[in-house]
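Worksheet: the structure to be examined is printed underneath.
We count ligands from 1, going down the list as the structure has it; atoms in each ligand are counted the same way. The model shown is predicted, which means the values in this text are computed figures rather than measured ones.
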Amino acid sequence: MSNVAVIGTQWGDEGKGKVVDWLSHRADVVVRFQGGHNAGHTLVIDGTTYKLSLLPSGVVRPGKMSIIGNGVVIDPWALIQEIDRIEEQGVSISPDRLRIAENACLILPFHGELDRLREDAHGDIKIGTTGRGIGPAYEDKVGRRGIRLCDLFDPSELESRLDATVSHHDALRRGHGLVLIDKPKILADLLAVAPRLLPYSDTVWRLLEKERHAGKRILFEGAQGVMLDIDHGTYPYVTSSNTVAGSVAAGCGTSPKSVGYVLGITKAYTTRVGYGPFPSELSDATGRMLGERGKEFGTVTGRRRRCGWFDSVMVRQAIKVAGVDGIALTKLDVLDGIEELRICVGYTFGDDTLDYLPSSPKTQIGISPVYESIEGWAQSTQGARSWADLPATAVKYIRRVEELIGAPVTLLSTSPEREDTILVRDPFAD
Ligand code: IMP
């Protein structure tokens, strides 16, 4: 029996929510290890829809332990709001079921402000961030001036930590012509929210060690996707954390060996929110049709997602850099009824042919996709629960995807409903 890490292999929004929920049913502990409330995971359980951003997907299931690791950046007010909202839906989120790493960094109001201000000022090179302050909060963390959850235990320590952060931000704000930070207000607001947050605070590395020793099954829940990884993604059009499975260990304080199986969530076509290169993007009627059928609007910001054909070169690369063992293929039914499908199998750049996505943004923008045509299927695949329910041409599409990306389909999701899932191999059993 092994622990499982779930990550996205494209630009996020691959349908991780459903798969994580499906797996969390079989796990004892669910851990978030990177990102923040830029993520949006939608779970549909017994007809009720839960929208989670920061809370691990295990919270909606009784008896599961949910953990927010130190690699996550936490907006205290957004977290409290999310807890209150989910509790209003009848789910109890008590400190014995949710633990938060005391060494996790906080997102403060001026992080969000700076994030949005930069986006407005960037003109042609907008990133298209979620505006939640994720990037500026990670910058402060790496700059060693972040405010961490444990700082809230000690008001005088908090005040001196805030001095360092505020003096850095005030210098930036002066340059941008913004009013300076009202430090006493931030301090008072943090001290006011502390009693709500601190009961969840824990030494997560110790807790995880204990759970591992007790033989508990752990599910590490990634957010975003490999192509949004700060190192391996389409930089600078990326998020500010490492989204690859390699960040599990650092993001919650556990051994890299604690992950036995890496499941890469992969959509049967490609989408992206925000700006940046997208070689197989379709700006035509087919692209719009994929968006409408796939309900491709952002969970967090409501933005329309850009859509395109499946890019096997990009997914193969994501699988290699992130150490993916097998994929969960989602939203195959969105391709139902399309006569001729296309899969991107390579790129050209000038006279060169490429079998990988190079790092230079200029090349990433300038490359053209090389497509392979593949016959579509007329029948519906929605709700299929066994391979026998799938048209032969759909199976052929899946087999070709596996061949091109060099990884097997471990699980196939055929609708947002939890039961509409075909399991090829149990990732926890490896
Ligand atoms: P940030 O994470 O808010 O800084 O945004 C950086 C980039 O990552 C932008 O292109 C966002 O649209 C994208 N992004 C961040 N979180 C998600 C997500 O959960 N799904 C898809 N894209 C995301």
Side-chain angles (χ1 to χ4, degrees), residues 6-20 32-43 51-57 71-75 78 82 105 107-108 110-122 124-142 221-244 247 251 264-267 269-278 281 291 294-308 314 318 330-331 361 364-365:
V6 167
I7 60 162
T9 64
Q10 292 152 316
W11 280 295
D13 309 315
E14 297 92 351
K16 286 187 285 293
K18 172 189 157 172
V19 178
V20 166
R32 277 282 306 267
F33 55 91
Q34 49 74 227
H37 67 315
N38 49 351
H41 292 172
T42 305
L43 312 180
K51 288 192 182 295
L52 302 177
S53 265
L54 203 45
L55 292 170
S57 297
V72 175
V73 280
I74 301 167
D75 179 322
E82 190 175 330
C105 281
I107 302 181
L108 300 179
F110 48 81
H111 291 133
E113 237 179 297
L114 183 61
D115 190 2
R116 294 184 292 274
L117 176 100
R118 282 175 176 165
E119 282 293 297
D120 290 342
H122 265 158
D124 280 353
I125 52 150
K126 274 185 201 303
I127 306 293
T129 73
T130 58
R132 301 285 199 262
I134 306 291
Y138 275 118
E139 285 169 37
D140 278 357
K141 172 180 175 169
V142 177
E221 176 181 7
Q224 292 88 42
V226 175
M227 286 299 141
L228 289 172
D229 182 282
I230 185 74
D231 287 294
H232 300 287
T234 46
Y235 191 92
Y237 303 94
V238 291
T239 191
S240 299
S241 63
N242 282 112
T243 58
V244 293
S247 80
I265 315 299
T266 307
K267 206 182 278 193
Y269 51 99
T270 314
T271 61
R272 165 162 217 176
V273 253
Y275 300 91
F278 182 169
E281 181 168 14
K295 301 189 179 61
E296 298 294 355
F297 295 92
T299 320
V300 173
T301 57
R303 288 180 292 176
R304 183 186 284 275
R305 296 177 187 141
R306 299 154 64 191
C307 298
M314 195 180 83
T330 62
K331 293 188 134 180
Q364 287 179 355
I365 297 268

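The 4.0 Å heavy-atom shell around ligand 1 contains residues Trp11, Asp13, Asn38, Ala39, Ile127, Gly128, Thr129, Thr130, Gln224, Leu228, Val238, Thr239, Val273, Gly274, Arg303, ordered by chain and number.
Between the Glu82 side chain and the Ser53 main chain, a donor and an acceptor come within less than 3.5 Å of each other. Although no hydrogens or angles enter the test, the distance criterion places no donor-acceptor pair under 3.5 Å between the side chain of Glu139 and the main chain of His111. Side chain of Lys267 to main chain of Asp13: a donor-acceptor pair is present (N/O by atom type, distance under 3.5 Å, no hydrogens or angles).
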Show the numbers, then the answer: is there a salt bridge (Lys or Arg N to Asp or Glu O under 4.0 Å) between Asp75 and Arg132?
-> CA-CA 9 Å; Asp75 179 322; Arg132 301 285 199 262; over 6 Å; no
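Atom CZ of Arg303 has more than 12 heavy atoms from other residues, nucleotides or ligands within 6.0 Å.
By the side-chain hydrogen bond (donor to acceptor under 3.5 Å, both in side chains) test, His37 is found to be paired with no residue, residues two or more places apart in sequence or in another chain being considered.
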